[in-house]
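Taking it in order: structure first as structure tokens, then the write-up.
Throughout, protein chains are lettered first and strands after them, A, B, ... in sequence-line order, and every chain is numbered starting at 1. Note that this is a predicted model, so its numbers are computed, not measured.
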2 protein chains.
Amino acid sequence: MTDDSPVPPRGLTLRDVSEACGVSEMTVSRVLRDRGDVSPATRARVLEAAKRLGYVPNKIAGALASQRVNLVTVIIPSLSNMVFPEVLGGISAALEDTGLQPVVGVSHYAAEREEAVLYEMLSWRPSGVILAGLEHTQASRRMLENAGIPVVEIMDVDGEAIDSVVGISHQRAGREMADAIVAAGYRRIGFLGSKMPHDHRARKRLEGFREGLARVGIEIAATEFYSGGSALAKGRQMTEAILARDPDLDFLYFSNDMIGAGGLLHCLEAGHDVPGGIGLAGFNGLEILEGMPRRLATMDACRREIGERAARIVAGRSPSGLIGGERVELAPVLQPGDTIRPARTG
Amino acid sequence: MTDDSPVPPRGLTLRDVSEACGVSEMTVSRVLRDRGDVSPATRARVLEAAKRLGYVPNKIAGALASQRVNLVTVIIPSLSNMVFPEVLGGISAALEDTGLQPVVGVSHYAAEREEAVLYEMLSWRPSGVILAGLEHTQASRRMLENAGIPVVEIMDVDGEAIDSVVGISHQRAGREMADAIVAAGYRRIGFLGSKMPHDHRARKRLEGFREGLARVGIEIAATEFYSGGSALAKGRQMTEAILARDPDLDFLYFSNDMIGAGGLLHCLEAGHDVPGGIGLAGFNGLEILEGMPRRLATMDACRREIGERAARIVAGRSPSGLIGGERVELAPVLQPGDTIRPARTG
DNA sequence: CTGAAAGCGCTAACAG
DNA sequence: CTGTTAGCGCTTTCAG
């Protein structure tokens, strides 16, 4: 613990290293950044001195001088929804050996909050921005347009992008789910979701879902919304409530897998015939579903791939070779699981 | 989209604002930072110009000049374990109006990775560091000791701290769980956990647990470990496996709530008598447990409070008024739920 | 209340 | 291969 090396309490500088090894600051800098040719001998001396002193370069000064910052701003709505940590996983993986580092901000599904976080983060002059959704404040859009760096909006492709976009169409996802449900012969359908007016993607799924049903002349028969609390518990309670109010429902579409899993648990306990008497489906393809008594029908939102593709665009490693303005629409796949009966044929 | 305001593609400077409003750079800077007295008139002119141009201050330059950075480095092992996002929630909340901003790094439970992330982040000269655990590489410790900023190690108090520490004793948590299980009359006990040699807290809980049982002459009768995959599914499979191997077990202690929940689901489906024939307990007090068919016994790890207390120390707002070297040990509370029978009395 | 000068610690761009 | 000279955009400090 007590350490006799002459380390100042704070902030060693290049100069300290330079003096410690008798090499110019410039050459020390070169060695430490692995730039330009330096003789092996001086190189070794520099590294030894830097290590001995415990020198940590000051990126603030470096960034100011070089006008280059290896940071990528990532703004997501929430960390408690497992969806976003998974996207982050994809981003981190793709950025791994690009020298870029993701820095995460959270908007809590509020555009104003997003604006504040964005402002704060842009003031560090990152080399790129990845942010969820296409809905932002006017000010946010202006900042992003003027930042002069790659901007990738992720998760959703239903709308107009600022620069590049990587995601899925939630409207289509909703529509396809409706099609599958109808094809399986279900007719009296309930929808359960969260009371989040600012979760645009959930809203779009619901719109697409309504539209899909409308095509065959069906309307949603009942809805139930929640806010706050344990999603699993809420799913359970909402399911009980909606079925109490409307026992004739033959399908429940949940806006996310967690409440869907809660609904599934309720139905099984209540002795409902799943998927014969009543079908169930969620959305996201969360890993947690794998441990449930039955596999809930769901639709994979391609979370990890979205993160990877977005990161590659920011890193300028997109296979397209484009410099911005890219549009990548991924196709979520329906995973019917065990809670939706096979489609009727003929 | 097309915007006729004369915004350069990148990086407006104070000078631009200064010229646009005919006020010295210095005064513009004062207005924008809300420092020093400025006449309302000039103040208004400056703000107007800054807003019109869409000026975003350059924190890199500001930080270099002022030697002050409003960033707090937070390094956690993982984002996929819901425990850590919850800690982050506490940190964010406590930092809310301190002007400090958390910046998150992930170590993936690897000390070397932590060291790399720490080096990277310290090179931005943050005003404080919060990191999980007490086990770090030698180099990490040195960096932290020499950084000259508040360092708070969180989650765990069993070991020697670098500066401040906020957490619980996982050894004691394990011991107390053992006591409760023994008091309830269970005798043939199995342990199920993850194969993570670098999850020191899980290891310490197991040690404490063993010790608690040893006091009354009991040894763990069977163990099962997993790695990777859906924790819920793994919990289910492991439980089935351990009970197949050793049907006489009357209690299963899971190293985390997720596998515990999986175990619970298995036991209920298999028709085991819970908690009469077999008791179950997890660890963490995760929210997801609330939606399960039964409330799994668990122990709250005080995640949010840990985050809050750590952040307050970094922000210099600790009620103790101390400047570092603080030690806060929180007491996790056993939540017996429905899966451990009442303690035998007499 | 406002401005001018002098750096913060590093790196780009040139010389040797 | 190595060193010198200017800044990067802002804030500190000190004069008005």
Side-chain angles (χ1 to χ4, degrees), chain A residues 8 10-47 49-50 53-71 99 120 122-127 147-148, chain B residues 8 10-47 49-50 53-71 99 120 122-127 147-148:
Chain A
R10 168 146 206 182
L12 280 172
T13 72
L14 263 189
R15 171 181 220 115
D16 296 309
V17 181
S18 165
E19 284 170 359
C21 64
V23 176
S24 80
E25 283 185 44
M26 197 54 234
T27 301
V28 173
S29 168
R30 284 194 184 101
V31 171
L32 266 22
R33 281 176 301 145
D34 221 0
R35 275 253 190 307
D37 291 331
V38 178
S39 80
T42 37
R43 194 182 147 70
R45 271 167 58 203
V46 170
L47 288 176
L53 297 180
Y55 172 71
V56 177
N58 185 331
K59 289 226 178 197
I60 296 174
L64 184 60
S66 67
Q67 307 280 42
R68 241 175 289 120
V69 180
N70 69 337
L71 264 25
E120 187 71 21
L122 282 183
S123 69
W124 287 100
R125 301 286 187 265
S127 339
Chain B
R10 169 143 206 185
L12 280 171
T13 71
L14 263 189
R15 170 180 222 114
D16 296 309
V17 180
S18 164
E19 284 170 358
C21 66
V23 176
S24 80
E25 284 186 44
M26 197 52 238
T27 301
V28 172
S29 167
R30 283 194 185 102
V31 172
L32 265 22
R33 280 176 301 145
D34 221 0
R35 274 253 192 306
D37 291 331
V38 179
S39 79
T42 36
R43 195 183 147 69
R45 272 169 57 205
V46 169
L47 289 175
L53 298 179
Y55 173 71
V56 177
N58 185 331
K59 289 224 178 199
I60 297 173
L64 183 60
S66 67
Q67 307 280 46
R68 243 174 286 124
V69 180
N70 69 339
L71 266 23
E120 188 71 22
L122 282 182
S123 69
W124 287 100
R125 301 287 188 265
S127 347

Protein-proximity profile, nucleotides 8-16 of chain D, B/S/- by nucleotide at the 4.0 Å heavy-atom cutoff, equals BBBBBB---

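Using modelled atom types, no side-chain atom of A:Arg30 and backbone atom of A:Arg35 make a donor-acceptor pair closer than 3.5 Å. No side-chain donor-acceptor contact under 3.5 Å links B:Ser123 to the backbone of A:Lys59. Judged purely by atom type and a 3.5 angstrom limit, B:Arg68 has no side-chain atom pairing as donor or acceptor with the backbone of B:Ala63. Within the 3.5 Å criterion, the main-chain N or O of A:Glu25 finds no donor-acceptor partner in the side chain of A:Ser29.
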Residue pair A:Thr27, A:Val38: steps toward the side-chain contact (heavy atoms from CB on, under 4.5 Å) verdict
CA-CA 7 Å; A:Thr27 301; A:Val38 178; 4.1 Å; yes

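Side-chain nitrogen and oxygen atoms of A:Thr42 include none within less than 4.0 Å of the OP1 or OP2 phosphate oxygen of D:dC1. A sub-4.0 Å separation between OP1 or OP2 of C:dC1 and a side-chain N or O of B:Thr27 is absent. When the side-chain nitrogen and oxygen atoms of A:Ser24 are compared with OP1 and OP2 of D:dT2, none of them lie within a distance under 4.0 Å.
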